[in-house]
Amino acid sequence: MTADATLTSKGQTTIPKEIRDSLNMKAGDRMTFTLMPDATVVMRVKSKSITDLAGALYKKGRKAIPVEQLSR
């Protein structure tokens, strides 16, 4: 997904609505910006807690893996 935005004279911009909607962003969400060596900027939403991720990797028919085995 690609969307354009404009930088204001105060260095501010608005994240395009389709991007905010796709990321389920809301007022107060925090972000981290990382500048890559090739001048690409990576933005990550920091509003997610570990409990928000519960079940995100669940796939029907697969058994759960105990935490102790995850580092193997």
Side-chain angles (χ1 to χ4, degrees):
M1 175 183 307
T2 301
D4 294 328
T6 302
L7 186 68
T8 70
S9 61
K10 293 183 178 185
Q12 299 171 333
T13 190
T14 300
I15 300 168
K17 183 174 180 356
E18 56 268 23
I19 301 289
R20 293 190 321 262
D21 290 348
S22 178
L23 295 172
N24 296 315
M25 293 180 75
K26 59 188 176 308
D29 284 352
R30 299 191 52 82
M31 296 147 281
T32 297
F33 295 88
T34 305
L35 179 60
M36 305 304 286
D38 66 351
T40 299
V41 176
V42 177
M43 182 202 73
R44 291 183 178 92
V45 180
K46 301 291 282 184
S47 63
K48 306 294 183 221
S49 73
I50 194 69
T51 56
D52 292 333
L53 300 175
L57 299 178
Y58 174 77
K59 195 166 195 175
K60 190 174 181 177
R62 288 196 177 174
K63 66 177 188 170
I65 299 171
V67 174
E68 298 78 23
Q69 292 182 4
L70 291 177
S71 63
R72 292 184 188 173

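Computed from a prediction, not measured in an experiment: that's the story for all the values here. Residue numbers count from 1 along this sequence.
- Residues Arg20 and Asp29 are not in side-chain contact: their nearest non-hydrogen atoms beyond the backbone lie 4.5 Å or more apart.
- Scanning all heavy atoms of the two residues, the minimum distance from Met31 to Met25 falls at SD-CE, 3.7 Å.
- Checked by atom type and distance alone, the side chain of Arg30 never pairs as donor or acceptor with a backbone atom of Lys46 at under 3.5 Å.
- In this structure, Ile19 CD1 and Thr2 OG1 are separated by 7.5 Å, a value rounded to the nearest 0.5 Å.
- Crowding of Asp38 atom CG: a count of heavy atoms from other residues, nucleotides or ligands under 6.0 Å exceeding 12.
- Here the CD1-CE distance, from Ile15 to Met43, works out to 4.5 Å after rounding to the nearest 0.5 Å.
- For the pair Thr6 and Thr13, the tightest heavy-atom approach, listed with the atom from each and the gap, is O-OG1, 3.0 Å.
- Val41 is connected to Val45 through a chain of hydrophobic side-chain contacts under 4.5 Å among Ile, Leu, Val, Met, Phe, Trp and Tyr, so both are in one cluster.
- Connection of Val42 to Phe33 is not established within any shared hydrophobic cluster, with ILVMFWY side chains joined at heavy-atom distances below 4.5 Å, either directly or through further cluster members.
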